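Here's the structure, in structure tokens; my notes come after.
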Amino acid sequence: MTPGAGGGGPMKDCEYSQISTHSSSSPMESPHKKKKTALRRKWEVFPGRNKFFCNGRIMMARQTGVFYLTLLLILVTSGLFFAFDCPYLSDQITPAIPAVGALLFFFVTGTLLRTSFSDPGVLPRATPDEAADLERQIGNTEDIANGSSSGGYRPPPRTKEIVINGQTVKLKYCFTCKIFRPPRASHCSLCDNCVERFDHHCPWVGNCVGKRNYRFFYMFILSLSFLTVFIFAFVITHIIHRSQKTGFLSALKDSPASVLEAVVCFFSVWSIVGLSGFHTYLISSNQTTNEDIKGSWSSKRGKENYNPYSYGNIFTNCCSALCGPLSPSLIDRRGFIQPDTPQLAAPSNGITMYGATQSQSNMAAATPLLQSEPSITSEELPLPGKTTISAPCAALTLGQPTPPSSIPNLTSETGLSDMIPLKEDPESHQFLTPEEAPSPPGMLPMGSPVSHSHTMHVLSLASQDSLHEDSVRGLVKLSSV
């Protein structure tokens, strides 16, 4: 037995030894070499319509144009304020004005980026096996309910009912994510994701607003309201203070940037402050924008459709929404995709291995071949038409396939003709036809095709039999005398 191709020691009889692939230089000498595949992160194959940046750390919606407009308006308006208004206000009134403005600006920018770049609470989609199992369960339930087993009919939105604080809540089935959505979750048509405690999709922040970023969204619009009011108030103060010295028109000519800031803030403050007030109401009643628009719950506890998520206290509702623990992300977007079971490369002897895994091949390599097979001893004679099994199998070199146990080995006593019937040749067979069969001497017809030598052989045998009978009769007569 020769040593293995990878540099290992000699192999035992009828046994494969483990092969080291580290020292082999040729791919033909390492049949069990794994195919190297680069590990990919989950965000690279994420099924939703999202954008990812910084290796999956930043997650946004695909439509981000309005977000850049929001960021541009905040940066330009605040930059003009700090460049043209703050120097005058700091000298003439107080240096605290630019300090407070800077604090508000950084807080607004930070909460905006935190809202835009974070996971809003996306629910992971069902795996193919989970989806198939759930569809099977739903199909069985529908067949029982409909009294039929037809699979072509798909009923209206499938739902389940659960009870929360005495109120019946329906869980809807998402045909895209193949899951029953948890309470207060909804599927965003723009991001194509089911979001937990879905509030709304906000194009101004370039992301969905849900369970994991709602508090940052509320802090953003609330602080932006304060910043907008702050800038607008002190821009007007600057213009009025300057106009008292040089006149109103001269003040406008001296600081044209202040006019632009005042116009932007004037048209923005109403919508921003109104949005902040609306979400303050939602937080105090523990509702979402989606629930409020649909009219899912009543603000009064005594009615049938009361809000089961409200604690009945404004302060408790606010603390629950803004100060509760932040749930972790469920999609693990920066995690690595677990590769499938590695496939083996083709062996060097040209035999293709289908569906074999590394663990299976290692187990097969460490398992000895057939050590012995039942064989016929010297006392057992081979019967006609019966095949015999040889002695224990000889050791095979690495790379040769294991002989199947269902095919017996052939010995010298049993030829291949005993196993496989051959086509008869009428010119060379060893059997005699009725015309060629020998007949008694007196019955041979004239012109028989039997050869003369064959006839003389038969006559000699007959004469020997007659002589034997005469000798026997003579011995009998002598014994009687």
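Predicted model, so just to flag it, every value in this text is computed and none were measured.
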Is the terminal nitrogen or CZ of Arg184 (NZ for Lys, CZ for Arg) located under 6.0 angstrom from the six-membered ring centre of Tyr309 and within 45° of that ring's axis?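 Arg184 over Tyr309 ring: yes.
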
Smallest separation among heavy atoms of [X] and [Y], with atom names:
X      : Y      : answer
Pro87  : Phe82  : CD-O, 3.5 Å
Ser276 : Ile221 : OG-O, 3.0 Å
Phe230 : Gly101 : CE2-CA, 3.6 Å
Thr111 : Val108 : OG1-O, 3.0 Å
Cys174 : Arg181 : CB-NH1, 3.4 Å
Ala262 : Ile236 : CB-CD1, 4.4 Å

Restricting to salt bridge (Lys or Arg N to Asp or Glu O under 4.0 Å), what partner residues turn up for [X], sequence neighbours left out?
X      : answer
Lys178 : Glu135
Arg333 : none
Asp254 : none

Check residues 56-66 and write down every donor-acceptor pair under 3.5 Å in which the side-chain atom is one partner and the other belongs to a residue at least two apart or another chain.
residue: Arg57; atom: NH1; partner: Cys54; partner atom: O; Å: 3.2

Indicate yes or no: at least one non-hydrogen side-chain atom of Ile331 is less than 4.5 angstrom from one of Asp119.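 Sidechains of Asp119 and Ile331: in contact.
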
Can you find a pair of side-chain heavy atoms, one from Ile337 and one from Leu39, that are under 4.5 Å apart?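 They are not in contact (no side-chain heavy atoms under 4.5 Å apart), so the answer is no.
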
Please enumerate all residues that pass side-chain contact (heavy atoms from CB on, under 4.5 Å) together with [X], with sequence neighbours excluded.
X      : value
Phe226 : Leu104, Leu222
Pro182 : Leu123, Ala185
Ala251 : Arg242, Ser243, Thr246
Phe84  : Leu80, Ala257

Listed by chain and number, what are the ring pair (Phe, Tyr, Trp, His ring centres under 6.0 Å) partners of Phe81, not counting sequence neighbours?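 Partners of Phe81 by the ring pair (Phe, Tyr, Trp, His ring centres under 6.0 Å) criterion come out as none, since no residue qualifies.
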
Test side chain to side chain contact (heavy atoms under 4.5 Å, CB included) applied to Leu71 and Leu112, step by step: CA-CA 8 Å; Leu71 190 61; Leu112 171 62; 3.8 Å; yes

For the side chain of [X] and the backbone of [Y], is there at least one donor-acceptor N/O pair under 3.5 Å apart?
X      : Y      : answer
Arg334 : Asn55  : yes
Ser225 : Ile272 : yes
Thr288 : Asp199 : no
Glu130 : Thr127 : yes
Asn193 : Arg49  : no
Asp133 : Asp129 : no
Ser116 : Val205 : yes
Thr109 : Phe106 : no
Ser255 : Ser258 : no

Tell me whether the centres of the aromatic rings in Phe220 and Phe216 are closer together than 6.0 Å.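 No, they do not, as the ring centres are separated by 6.0 Å or more.
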
Could I get the full list of side chain to side chain donor-acceptor pair (under 3.5 Å) partners for Asp192, not counting sequence neighbours?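 For Asp192 the side chain to side chain donor-acceptor pair (under 3.5 Å) partners, ignoring immediate neighbours, are Arg125, His187.
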
Under the ring-ring contact (aromatic ring centres under 6.0 Å, His included) rule, what do Phe105 and Phe107 come out as? Steps first, then yes or no, please. CA-CA 5 Å; Phe105 168 76; Phe107 189 83; over 10 Å; no

Does atom [atom1] of [X] have more than 12 heavy-atom neighbours from other groups under 6.0 Å away?
X      : atom1 : answer
Ile314 : CD1   : no
Phe278 : CZ    : yes
Trp43  : CH2   : yes

Which residue pairs pass the side-chain hydrogen bond (donor to acceptor under 3.5 Å, both in side chains) test when at least one of the two sits in residues 205-222, sequence neighbours left out?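 Residue pairs passing side-chain hydrogen bond (donor to acceptor under 3.5 Å, both in side chains), neighbours aside: Glu196-Lys211, Tyr214-His279, Tyr218-Thr280.
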
Taking only residues at least two apart or on different chains, which pairs with a member in residues 86-104 satisfy side-chain hydrogen bond (donor to acceptor under 3.5 Å, both in side chains)?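 The answer is Tyr88-His241, Gln92-Lys245.
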
